[in-house]
Visitor: 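This is the structure I want to talk about, given as structure tokens.
Chain naming here is simple, since letters A, B, ... match the order of the sequence lines and numbering starts at 1 in each. FYI, side chains are in, hydrogens and waters are out, and symmetry mates aren't considered; it's all heavy atoms of this structure.
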Amino acid sequence: MTDIQLYNTRTRQKQRLEPLDPANVRMYVCGPTVYDRAHLGNARPVVVFDVLYRLLRHVYGADHVTYVRNFTDVDDKINAAALARKQAGDPRPLEELIRERTEETIGWYHADMDALGALRPGQEPRATEFIGAMIAMIEDLIAKGHAYAAEGHVLFRVRSYKDYGALSGRSVDDMIAGARVEVAPFKEDPMDFVLWKPSDDDLPGWDSPWGRGRPGWHIECSAMSFELLGPSFDIHGGGIDLQFPHHENEIAQSCCAHPEGGFATIWLHNEMLQVEGKKMSKSLGNFFTVRDLLEQGVPGEVIRFVFLSTHYRKPMDWTAEKAREAEATLRKWRGLVAGIEPAPSPAPEVTEALCDDLNTAGAIAALHRLAGAGDLAGLKASAGLLGLLGEDLGAWADAPVADLGGWAERLAAARAAAMDSKDFAEVDRLKALLIGAGVEVRMSKAGVELVPGAGFDPARLEALE
RNA sequence: GGCGAGUUGGCGGAGUGGUUACGCAGCGGAUUGCAAAUCCGUGUACAGGAGUUCGAUUCUCCUACUCGCCUCCA
């Protein structure tokens, strides 16, 4: 069995993945809050963990990997969006507006992530479908002394879990010293966090032992991972920004509710995405969604390639220049592997790179070597492990349909004449026209070859006829 | 203030205690009427300082700088 080494944030070192059950390798990744289009930063973990998912399926078998990624559809931003519609005059009940908003957003999310070539996880639970499980877990935590109800809220008693802070390397005392915690009179300790909070009539809510309310953010992942993967599973992933507090709180909840389990064995966190060297933010005006990029004509496969060209644990800078280079590389490779039957398995060099803590940049370098060595079957198969060069993402690279035969004949005839007359004016004229229309002109002793290039525009040629 | 990550050739970006990836750009050559495409060749860079070592870009410490999280934002 191939060894997969992964950097475990919890232990701060690489370790060998040793699945609790190799027949069912289990991975949970924190998914999006579905209130709006996914921005580019949201897409990085999706692509990163998609590659891991593909690698796990390759190593353990496609039927032996369970991948769960949740949809957070209980959230104040969603409520705000729905409330805004209601105040704009929509007569429907709030619950319906919320459901409509989340449905719509999930549809967008699927479309956008599909465009990046990300396989859909086997299970995509929604928080709203697991409210009962959350309430049960909260009750259990109260019974075990790890949580307490106060003024319609239920809070997790951070001091009751001695390892709190272990994942992110903080101590409760340090954090309180930092004094950036919300103080509330009903909290026993400023660090205690909300498991359940009351909802007024303008907010979605569910009946609970503590009155009508809604869950806090963190409990959903604890409840859903337990329901779908059990008290112990192999991998938990997400963006590094989730390390604290979200994942810290998940660990506290899950380990206290299910001390019989170990929760996640390996914690993986991808670093953040930047744009042209700066954090993507609305105020800087460099904020954009995946859909924005796709609509600008940046193919999903190009986005994917750019993401994978930087190791997931390093900040990734999105630049237009990288997109340009990625597109050129992919176009070239697609030309090479067109019509080639992929090898039965990926090249060892590529698999080994990925097995070394998802060294996707190293894997891409290996792809370059395969291309250079002319191992096109190997290139195609290996790229497939990275989710590249597949049929599903290739439409962008297909040249527009156009018959260039007439142009080729004219050019060839002019060239033949020029060879005798030594007057190449007509040849150069035709060549300039073709190049201007985005056609790559290749002339050799063997003859004239016209290849539609990246910016090929058949309309411009027709206008010249 | 607390915690953490990072600083590699013109650019991007891997990696390694000693044989110096890979891509793009550049340069030289082959080829071409000229080009394009292609092919061949070409570049000893690892923030600064100290230490460990026979030897450090790679390990340790210090300094500088950059960035992230700690706050709804992946």
Visitor: Which pair of non-hydrogen atoms, one from A/Leu385 and one from A/Thr351, has the smallest distance, and what is that distance?
Guide: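 Heavy atoms only, the tightest pair is CD2-OG1, 4.0 Å.
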Visitor: Pairing check on B/rA64: which nucleotide meets the Watson-Crick or G-U wobble criteria with it, both distances under 3.5 Å?
Guide: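 Pair assignment: B/rA64 / B/rU7.
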Visitor: Determine the interplanar angle of the A/Phe233 and A/Phe263 rings, folded into 0 to 90°, and report it as parallel if under 30°, tilted if 30 to 60°, perpendicular if over 60°.
Guide: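 The arrangement is perpendicular - the two ring planes meet at more than 60°.
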Visitor: Once you round it to whole Å, what is the distance between P of B/rC24 and CD1 of A/Ile364?
Guide: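 Roughly 13 Å, once rounded to whole Å.
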Visitor: Output the rounded distance in Å from CD (A/Glu449) to P (B/rU31).
Guide: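 It works out to 20 Å between those atoms.
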Visitor: If you measure from the C1' atom in B/rC62 to the same atom in B/rU7, how many Å do you get, rounded?
Guide: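 16 Å, rounded to whole Å.
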Visitor: Given B/rA36, B/rG23, B/rG13, which nucleotide is nearest the side-chain atoms of A/Arg442?
Guide: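 Of the candidates, B/rA36 comes closest.
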Visitor: For nucleotides 72-74 of chain B, print each protein N/O atom paired with a nucleotide N/O atom at under 3.5 Å, atom names and distance only.
Guide:
| unit_1 | atom_1 | unit_2 | atom_2 | d |
| --- | --- | --- | --- | --- |
| B/rC72 | O2' | A/Lys77 | NZ | 2.6 |
| B/rA74 | O5' | A/Asn42 | OD1 | 3.0 |
| B/rA74 | O4' | A/Asn42 | OD1 | 3.1 |
| B/rA74 | O3' | A/Asp241 | OD2 | 2.8 |
| B/rA74 | O2' | A/Asp241 | OD1 | 2.4 |
| B/rA74 | O2' | A/Asp241 | OD2 | 2.4 |
| B/rA74 | N7 | A/His39 | NE2 | 2.9 |
| B/rA74 | N6 | A/Leu273 | O | 3.2 |
| B/rA74 | N1 | A/Leu273 | N | 2.7 |

Visitor: Using atom C1' of each nucleotide, how far apart are B/rA36 and B/rA64 to the nearest Å?
Guide: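 My reading of the C1' atoms in B/rA36 and B/rA64 gives 48 Å.
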Visitor: Can you give the donor-acceptor pairs under 3.5 Å from side chains of residues 249-256 of chain A to other protein atoms, not counting sequence neighbours?
Guide:
| unit_1 | atom_1 | unit_2 | atom_2 | d |
| --- | --- | --- | --- | --- |
| A/Asn249 | OD1 | A/Tyr164 | OH | 2.5 |
| A/Asn249 | ND2 | A/His218 | NE2 | 3.1 |
| A/Glu250 | OE1 | A/His236 | NE2 | 3.4 |
| A/Glu250 | OE2 | A/His246 | NE2 | 2.9 |
| A/Gln253 | OE1 | A/Ser222 | OG | 2.8 |
| A/Ser254 | OG | A/Ser222 | OG | 2.9 |
| A/Ser254 | OG | A/Glu250 | O | 3.1 |

Visitor: With a distance cut-off below 6.0 Å to the six-membered ring centre and an angular limit of 45° from the axis, does A/Arg313 pair with A/Tyr7 as a cation-pi contact?
Guide: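 Here A/Arg313 passes the 6.0 Å and 45° test against A/Tyr7.
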Visitor: Would you classify A/Val427 as touching base, sugar-phosphate or nothing, given that sugar-phosphate means primed atoms plus P, OP1 and OP2, and contacts are heavy atoms under 4.0 Å?
Guide: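 Counting heavy atoms under 4.0 Å across all strands, the contact made by A/Val427 includes a base.
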Visitor: Under 6.0 Å from the ring centre and within 45 degrees of the ring axis: does the NZ or CZ of A/Lys77 meet both conditions for the six-membered ring of A/Tyr35?
Guide: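 The answer is yes; both the distance and angle limits are met.
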Visitor: Which residues pass the side-chain contact (heavy atoms from CB on, under 4.5 Å) test with A/Phe287, sequence neighbours left out?
Guide: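 A/His39, A/Met280, A/Lys282.
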Visitor: For the pair A/Arg10 (side chain) and A/Thr265 (backbone), establish whether a donor and an acceptor sit closer than 3.5 Å, ignoring hydrogens and angles.
Guide: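 Judged by distance alone, yes, a pair lies under 3.5 Å.
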Visitor: Which nucleotide in the set B/rG15, B/rC70, B/rU38 lies at the smallest distance from any side-chain heavy atom of A/Phe244?
Guide: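 For A/Phe244, the side-chain atoms sit closest to B/rC70.
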Visitor: Check the distance between B/rC22's C1' and A/Lys322's NZ and give it to me in whole angstrom.
Guide: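 Checked: the NZ to C1' distance equals 15 Å.
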Visitor: Please tell me whether A/Tyr28 and A/Tyr67 form a close aromatic pair, meaning their ring centres lie under 6.0 Å apart.
Guide: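 Not close enough - the centres of the two rings lie 6.0 Å or further apart.
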Visitor: With a non-hydrogen cut-off below 4.0 angstrom, is A/Asp428 in contact with a base, only sugar-phosphate, or nothing?
Guide: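 A/Asp428: base contact, heavy atoms under 4.0 Å.
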Visitor: From B/rC24, B/rC22, B/rG13, pick the nucleotide closest to the side chain of A/Glu325?
Guide: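 The nucleotide sitting nearest to the side chain is B/rC24.
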Visitor: Using Watson-Crick or G-U wobble geometry with both distances below 3.5 Å, tell me the partner of B/rG33, or none.
Guide: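 No nucleotide pairs with B/rG33.
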Visitor: When the C1' atoms of B/rG15 and B/rG9 are compared, how many Å lie between them, rounded to an integer?
Guide: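 15 Å, rounded to whole Å.
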Visitor: When the nearest nucleotide of RNA chain B is assigned to A/Tyr312 and to A/Arg369 on a heavy-atom basis, which residue is associated with the more 5' position?
Guide: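 With A/Tyr312 and A/Arg369 compared, the 5'-side residue is A/Tyr312.
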Visitor: Establish, with yes or no, whether the OP1 or OP2 oxygen of B/rU7 is under 4.0 angstrom from a side-chain nitrogen or oxygen of A/Lys314.
Guide: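 A/Lys314 to B/rU7 OP1/OP2: side-chain N or O found under 4.0 Å.
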Visitor: I'd like the C1' distance from B/rG1 over to B/rA50, given in whole Å.
Guide: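 Comparing C1' positions in B/rA50 and B/rG1 gives a spacing of 29 Å.
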Visitor: So which nucleotide does B/rG41 pair with, by the Watson-Crick or G-U wobble rule with both distances under 3.5 Å?
Guide: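 By the stated definition (distances under 3.5 Å), B/rC27 pairs with B/rG41.
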Visitor: Under a 3.5 Å limit for both distances, which nucleotide forms a Watson-Crick or G-U wobble pair with B/rG51, could you say?
Guide: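 B/rC59 is the nucleotide pairing with B/rG51.
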Visitor: Give me the distance, rounded to whole Å, that separates B/rG12 from B/rG28 when you measure between the P atoms they each carry.
Guide: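 About 25 Å, rounded to a whole number of Å.
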Visitor: So what does A/Lys422 hit on the nucleic acid, given a heavy-atom distance under 4.0 Å: a base, only sugar-phosphate, or nothing?
Guide: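 No contact.
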Visitor: Rounding to a whole Å, what distance do you find between A/Leu434:CG and B/rA36:P?
Guide: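 Interatomic distance, CG of A/Leu434 to P of B/rA36: 16 Å.
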Visitor: Both distances below 3.5 Å, Watson-Crick or wobble geometry, any strand: find the nucleotide opposite B/rC22.
Guide: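 B/rC22 is paired, partner B/rG12.
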Visitor: Distance check needed: B/rA36 C1' versus A/Lys332 NZ, whole Å only.
Guide: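 Spelled out: NZ on A/Lys332 to C1' on B/rA36 is 14 Å.
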Visitor: Between B/rG49 and B/rA56, how far is it from one P atom to the other, in whole Å?
Guide: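 Approximately 13 Å lies between the P atom of B/rG49 and that of B/rA56.
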Visitor: Relative to the 5' end of RNA chain B, which residue comes earlier, A/Val441 or A/Arg12, by the nucleotide with the nearest heavy atom?
Guide: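 In this pair, the answer is A/Arg12.
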Visitor: What I'd like to find out is whether the side chain of A/Leu393 reaches to under 4.5 Å of the side chain of A/Arg334, using heavy atoms alone.
Guide: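 A/Leu393 reaches A/Arg334 side chain to side chain.
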Visitor: Calculate the interatomic distance between A/Asp317 atom CG and B/rG68 atom P; express it in whole Å.
Guide: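 Going from A/Asp317 (CG) to B/rG68 (P), I get 11 Å.
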Visitor: Between B/rG43 and B/rA5, how far is it from one P atom to the other, in whole Å?
Guide: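 Nearest-Å result for B/rG43 against B/rA5 at atom P: 36 Å.
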Visitor: Any idea which heavy atoms bring A/Arg12 and A/Ala166 closest together, and the distance?
Guide: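 Closest approach of A/Arg12 to A/Ala166, heavy atoms only: NH2-O, 4.1 Å.
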Visitor: If I pick the C1' atom on B/rU44 and the same atom on B/rG6, what distance separates them, to the nearest angstrom?
Guide: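 About 24 Å, rounded to a whole number of Å.
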Visitor: Taking NE2 from A/His218 and C1' from B/rU71, how many angstroms apart are they, rounded to a whole number?
Guide: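 In whole Å, B/rU71 C1' and A/His218 NE2 are 12 Å from each other.
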Visitor: Within less than 4.0 Å of OP1 or OP2 of B/rG13, is there a side-chain N or O belonging to A/Thr310?
Guide: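 A/Thr310 to B/rG13 OP1/OP2: side-chain N or O found under 4.0 Å.
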Visitor: So what's B/rC72 paired with, Watson-Crick or G-U wobble, going by both distances under 3.5 Å?
Guide: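 The answer is none; no pair meets the criterion.
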Visitor: Taking CG from A/Leu367 and C1' from B/rA21, how many angstroms apart are they, rounded to a whole number?
Guide: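 My rounded result for the distance is 14 Å.
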Visitor: Going by purine N1 to pyrimidine N3 plus the second Watson-Crick contact, or the G-U wobble pair, all under 3.5 Å, which nucleotide sits opposite B/rG17?
Guide: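 Pairing partner, where one exists within any strand: none, as none qualifies.
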